[in-house]
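Everything numeric here is computed off the predicted structure, so don't read it as measured data.
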Amino acid sequence: MFDKSGQWIHLETYDDFDNGLSDLIELWSSTAKSATQALKDSAFAHFKEDLEAATLKWEGNKAKSKKYSAIAQELAEFEEVLKQG
């Protein structure tokens, strides 16, 4: 997700997204000082943006589209949990 210098590493493969979602959830659960609200919000926004791009990219490929849709559903569920507090 973020490299050591704080730059976002774009997610491209299904494995990137699958692992990235776990990392995103872990980041949001973290109480470390380095896990600021700004960092959490930024990671969420970048993840969502990359996922939307990947979904559009694989729109014509039914198998890949189904995989990315599953990740999008998990992200939506996570977002709903965040909204509920």
* Residue list, side-chain hydrogen bond (donor to acceptor under 3.5 Å, both in side chains) with Lys40, at least two apart or on another chain -> none
* Structure fact -> side-chain hydrogen bond (donor to acceptor under 3.5 Å, both in side chains) filter on Asp41, not counting sequence neighbours, yields Gln37
* Structure fact -> The complete set of side-chain hydrogen bond (donor to acceptor under 3.5 Å, both in side chains) pairs with one or both residues in residues 18-29, sequence neighbours excluded, reads none
* Asked: In chain order, what residues pass the side-chain hydrogen bond (donor to acceptor under 3.5 Å, both in side chains) check against Asp50, with sequence neighbours excluded?
  -> Trp8, His10
* Asked: Is it the case that one hydrophobic cluster holds both Leu82 and Ile71, taking links as side-chain heavy atoms less than 4.5 Å apart, direct or via other members?
  -> yes
* Single-linkage hydrophobic cluster Phe2~Leu24, side-chain heavy atoms < 4.5 angstrom -> yes
* **Set of residues satisfying ring pair (Phe, Tyr, Trp, His ring centres under 6.0 Å) with respect to Phe47, sequence neighbours excluded** => Phe17
* To do: Drop me the distance from Ile9's CD1 to His46's NE2, to the nearest 0.5 angstrom.
  => 11.5 Å
* Distance, nearest 0.5 Å, that separates CG of Leu39 from OG of Ser30 -> 9.0 Å
Scan the side chains in residues 52-61 for donor-acceptor partners under 3.5 Å anywhere in the protein, sequence neighbours excluded, and list what turns up.
| from | atom 1 | to | atom 2 | distance (Å) |
| --- | --- | --- | --- | --- |
| Thr55 | OG1 | Leu51 | O | 2.8 |
| Asn61 | OD1 | Ala63 | N | 3.2 |
| Asn61 | OD1 | Lys64 | N | 3.1 |

* Can you tell me how far CG of Leu27 sits from OG of Ser34, rounded to the nearest 0.5 angstrom? -> 8.0 Å
